[in-house]
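Okay, so here's the structure we're looking at.
A note on names: the letters A, B, ... follow the listed sequences, proteins ahead of strands, and every chain is numbered from 1.
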Amino acid sequence: MFECIVAPFSENICIEDLNRPGITEQMMSDNGDSLNSPPDIKPHLNCGQDDTSEDNSNAGEYTSPGSVKSETSPGKGRGRRAKDDKSCRVCGDKALGYNFNAVTCESCKAFFRRNALKDQTTKCLFQGNCFIDIRTRRFCPHCRLKKCFDIGMRKEMILDDNERKMRMAKVMHNRQKRKESVESLTTLIKTEPMDQEPDQSCQYATSTSGHCINFPSPEGMIDITSTVVTPAIDIDALDIDKKLCRVLSKREAELCEHLTNGYAATMANYHCENLTSESYTDSNDLVNTSEQAVRRLIQFVKLMEDFKELSQEDQITALKSCVLQSLMLRSVYFFDVEQEGWRTLTGLIPAKVLKDITGYSDLYETHTNFSREMKKTCKEDITVFAIIQSIIVFNPESVGLKNLQLVSDIQNRYIVLLKSYLEYKISFEYAQIYFPVFLRKIQELKKIGSDHAKIILQVQTSKIEPLMLEILNLS
DNA sequence: ATAGCCTTGATC
DNA sequence: GATCAAGGCTAT
């Protein structure tokens with residue numbers, strides 16, 4: 001349609017215009033049709049109706065210079081009109097492209113827009129053939145406008161009142177939608193109440209004296225760029241009782257407790273949701289069934305004082321950027337190592353649904369391996385989950401963060417907290433060995449989280465819940 | 001009124 | 001995501 005348009009030129013065109021390369025090219029390639037049937041198209045204003053597409057396909061179809069309709073060289077540009085000469089055909093000023101059907105500068109474009117629809121009241125003070133160039137263009141509006149028409153500018157392409165209103169309405173509508181989109185997540189962050197009391201039956205590390213954490217052997221420390229997941233070993237192999245352990249400071253202990261309680265609360269009863277294998281038929285389901293988890297993630301971050309330190313904009317950026325990793329982390333908590341699936345109240349969702357519904361067997365393998373090893377490593381120590389969750393929320397690599405330094409500082413505090421917690425939990429000696437391994441696990445989580453982005457590519461946005469659309473940047 | 005810059009929806 | 005071509009905004 002419009003991309004095939006060649007600029008028709010007026011019969012009044014002057015000799016010097018004909019000498020310009022662009023014009024010659026047009027004449028050479030133009031078969032005359034465009035002159036006989038000047039198009040009547042207003043691009044970009046479909047107004048959502050099926051309008052005149054047929055008419056346009058004939059009358060409005062110009063051919064691109066040097067090409068015949070669809071025979072434009074494939075993959076090369078868009079077959080648009082030639083505009084090799086980047087100078088305004090009215091005044092010779094620098095032009096960026098076509099305006100109202102002719103290559104013109106910004107000022108002639110604006111001039112034409114302002115004047116073309118007016119009744120020609122201004123008269124030329126001379127003979128009506130003033131020379132128009134970049135210096136003289138302001139002197140005689142009459143001749144300037146005349147030249148605009150002469151070189152083929154078309155007043156039909158200026159939107160009329162009604163069309164302008166419709167265009168503005170569309171812009172406002174989109175603005176509103178964008179605003180609402182930001183607002184809904186913002187509102188959620190600001191106001192979403194806890195829909196559940198913390199589940200006191202939940203067991204977590206700080207309330208137990210046992211060693212809940214499994215740590216990978218040093219041999220397990222591998223290159224995280226590979227898809228192999230760091231294996232875990234049994235914590236019982238560590239002789240912690242004879243080792244020196246850290247005593248957490250009051251502040252550290254309180255923070256751990258706060259995080260643990262908060263994370264536990266947002267995990268509680270999660271498996272109550274009646275999800276079964278049948279809940280999943282495609283990637284859309286996979287995404288939509290994660291909505292509750294996302295809401296709980298939001299609940300968790302809202303509990304963190306550090307999160308409140310971020311600007312609203314950075315809060316949203318941070319949330320959006322950690323959402324896949326967070327979902328992964330949460331799924332690890334519910335992963336059943338023996339049965340290779342996720343526990344729910346109504347049974348078990350086998351991990352292979354990932355393969356079945358996405359078609360990605362590699363994704364399934366990596367996910368399962370990671371979940372197994374991570375679960376064997378962390379077991380159900382919610383404190384570890386909570387600290388890791390905090391570390392991934394405050395990720396300074398999140399694209400678009402405004403206050404990167406703040407996020408980085410906060411993340412560092414949680415990394416230090418993880419180290420302290422490990423020193424408290426498994427002794428200084430073992431922590432020194434295994435803390436880096438834990439950081440590797442977090443790196444793996446990041447990588448696997450981003451690998452899962454390919455599931456997102458499969459979804460049909462029309463079938464995805466609004467919150468998920470928004471947080472996954474699909475809206 | 002002019003003209004330069006910006007925002008935007010459509011298109012590829 | 002880049003490009004195009006509309007209109008809007010605003011200092012001059």
Side-chain angles (χ1 to χ4, degrees), chain A residues 1-8 22 39-53 56-57 60-62 64-65 67 69-123 132-145 147-148 151-179 181 399-400 453 457 473-475:
Chain A
M1 205 157 112
F2 190 65
E3 61 274 17
C4 300
I5 292 175
V6 134
D40 188 25
I41 306 170
K42 288 187 178 179
H44 314 317
L45 204 84
N46 259 343
C47 305
Q49 284 160 19
D50 263 339
D51 60 38
T52 54
S53 53
N56 289 344
S57 67
E61 200 162 78
Y62 305 59
S64 186
S67 68
K69 285 188 179 175
S70 57
E71 286 175 10
T72 27
S73 50
K76 190 185 162 200
R78 293 197 281 169
R80 281 184 183 269
R81 300 171 291 189
K83 49 179 178 188
D84 299 342
D85 57 322
K86 289 284 183 66
S87 61
C88 174
R89 293 191 46 219
V90 178
C91 72
D93 198 358
K94 191 177 153 217
L96 287 177
Y98 278 81
N99 293 301
F100 308 108
N101 206 46
V103 176
T104 71
C105 62
E106 281 283 301
S107 69
C108 288
K109 164 192 163 186
F111 172 81
F112 187 76
R113 191 173 60 219
R114 282 192 306 269
N115 297 287
L117 295 176
K118 287 182 191 166
D119 293 329
Q120 263 286 32
T121 46
T122 55
K123 289 274 180 287
I132 305 293
D133 69 8
I134 189 164
R135 288 170 301 110
T136 61
R137 66 190 181 192
R138 302 173 79 146
F139 299 165
C140 182
H142 176 91
C143 290
R144 187 183 188 184
L145 187 59
K147 189 165 179 191
C148 286
I151 60 122
M153 292 184 83
R154 306 179 63 232
K155 64 177 178 186
E156 308 89 88
M157 295 178 78
I158 301 171
L159 305 190
D160 65 28
D161 259 11
N162 198 31
E163 290 165 324
R164 247 186 19 251
K165 274 181 195 155
M166 290 179 76
R167 184 181 189 268
M168 275 315 289
K170 189 172 253 173
V171 169
M172 298 312 278
H173 179 250
N174 287 340
R175 263 186 205 157
Q176 185 63 26
K177 258 175 45 186
R178 277 198 298 272
K179 199 175 154 206
S181 162
V399 179
L457 298 176
N473 278 334
L474 292 170
S475 46

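- In this structure, A/Met166 places its CE atom 15 Å from C1' of C/dA6, rounding to the nearest Å.
- Summarising the geometry, atom CZ belonging to A/Arg138 is positioned 11.5 Å from atom SG belonging to A/Cys91; distances are rounded to the nearest 0.5 Å.
- Going from atom CG of A/Asn99 over to atom P of C/dA5 covers 8 Å, rounded to whole Å.
- Taking atom CD1 on A/Ile158 and atom C1' on C/dG8, their separation rounds to 15 Å, with Å as the unit.
- Taking the side chain as every heavy atom from C-beta outward, A/Lys170 and A/Arg167 never approach each other to under 4.5 Å.
- Which of C/dA6, C/dG7, B/dA10 sits closest to the side chain of A/Lys170 comes down to B/dA10.
- The nearest whole Å value for the distance from the CZ atom in A/Phe112 to the C1' atom in C/dA6 is 13 Å.
- If you measure from atom CG of A/Leu96 to atom C1' of C/dA2, you get 15 Å, rounded to the nearest angstrom.
- The OH atom of A/Tyr98 sits 19 Å away from the C1' atom of B/dA10 (whole-angstrom rounding).
- A 4.5 Å side-chain heavy-atom check between A/Met153 and A/Val90 finds at least one atom pair inside the cut-off.
- Evaluation of the ring-ring contact (aromatic ring centres under 6.0 Å, His included) rule for A/Phe112 yields A/Phe100, A/Phe149 as partners, not counting sequence neighbours.
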Annotated protein contacts, base or backbone, on nucleotides 1-6 of chain B with a non-hydrogen cut-off under 4.0 Å, one of B, S, - each: -BBSBB
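- To the nearest 0.5 angstrom, A/Ile132 atom CD1 is 10.0 Å from A/His142 atom NE2.
- To the nearest angstrom, C1' of C/dG8 lies 16 Å from NZ of A/Lys165.
- Counting heavy atoms from C-beta outward, A/Cys105 and A/Arg137 have side chains that approach closer than 4.5 Å.
- Distance CG (A/Leu159) to C1' (C/dA5): 10 Å, rounded to an integer number of Å.
- Between A/Asn174 and B/dG9, a side-chain N or O to OP1/OP2 separation shorter than 4.0 Å is present.
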